[in-house]
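Report on one structure; see the data block that follows.
These figures come from a predicted structure and were not determined experimentally. Side-chain atoms are counted along with the backbone in the values below, which use heavy atoms only and exclude waters and symmetry mates.
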Amino acid sequence: MPASIAVLTAGGQAPAMIVNALRAHYRDLIVFREPPESRGAFLKRRARKLGWLQIAGQFPVMVGSRLSKKMLDARFAELETRYGVSMTLPDALDVRPVPSGNDPAFIQALEAAAPDLLFLVGARMLKRS
């Protein structure tokens with residue numbers, strides 16, 4: 001019997017490509033989808049945890065990723081054309097919305113689904129608990 005796989009994601013093109021690749025091998029794939037976090041909320045949360053000085057190094061990376069978006073979109077289009085991969089989640093996929101990967105509702109849903117393996121793809125980091 002093949003392993004059961006679950007994915008936690010906030011969505012996006014690259015996570016969709018990975019989900020589609022997994023689904024080609026695991027038909028019973030479950031996707032738990034948390035809402036994406038804004039950059040501002042992300043920075044504030046990280047600053048509370050690490051301090052503003054510590055996260056200042058992330059600003060150049062954020063600017064660089066913003067500037068390279070057109071190039072990245074072109075690369076995704078090339079991958080779609082060349083390899084036939086899709087950058088969108090299929091309609092027939094079992095997608096279950098959750099407030100966050102760290103929310104008790106997600107933990108309960110994950111325990112109920114009882115997958116053999118959980119992939120985090122474009123999601124927030126999970127707390128130890």
Does any non-hydrogen side-chain atom of Ile5 lie less than 4.5 Å from one of Pro115?
-> no
Closest non-hydrogen contact found for Glu80 with Val85 is CG-O, 3.0 Å
To the nearest 0.5 Å, how far apart are CG in Asp94 and CZ in Phe32?
-> 8.0 Å
Heavy-atom donor-acceptor pair, Glu34 side chain to Arg124 backbone, under 3.5 Å | yes
Decide whether Ile30 and Phe106 are clustered together by the hydrophobic rule: side chain heavy atoms of Ile, Leu, Val, Met, Phe, Trp, Tyr closer than 4.5 Å, transitively.
-> yes
Examine Val95 and Val98 and state if one hydrophobic cluster contains both, with Ile, Leu, Val, Met, Phe, Trp and Tyr joined whenever side-chain heavy atoms are less than 4.5 Å apart.
-> no
With side chains defined as the heavy atoms from C-beta onward, is the minimum distance between Ile18 and Thr9 less than 4.5 Å?
-> no
With a cut-off of 6.0 Å (strictly less than), are more than 12 heavy atoms of other residues, nucleotides or ligands near CZ of Arg82?
-> no
Is it true that Leu126 and Ile107 fall in one hydrophobic cluster, defined by side-chain heavy atoms closer than 4.5 Å?
-> yes
Met71 with Phe76, same ILVMFWY side-chain cluster at under 4.5 Å = no
Heavy-atom nearest pair, Arg23 first then Ala92, reads NH2-O, 3.8 Å
Are the side chain of Asn20 and the backbone of Thr88 linked by a donor-acceptor contact shorter than 3.5 Å?
-> yes
Answer whether the closest heavy-atom distance between the side chains of Arg33 and Leu89 falls below 4.5 Å.
-> yes
Indicate, with yes or no, if Val19 and Met87 share a hydrophobic cluster defined by side-chain heavy-atom contacts under 4.5 Å among Ile, Leu, Val, Met, Phe, Trp and Tyr.
-> no
Distance-only, no hydrogens or angles: does the Asn102 side chain make a donor-acceptor pair with backbone N or O of Met125 under 3.5 Å?
-> yes
Scanning both residues in full, the closest heavy-atom pair of Pro99 with Pro35 reads O-CD, 3.3 Å
Test item: Leu8 and Leu118 side chains (from C-beta on) under 4.5 Å apart, heavy atoms = yes
Nearest 0.5 Å, what's the CH2-NZ distance between Trp52 and Lys44?
-> 7.5 Å
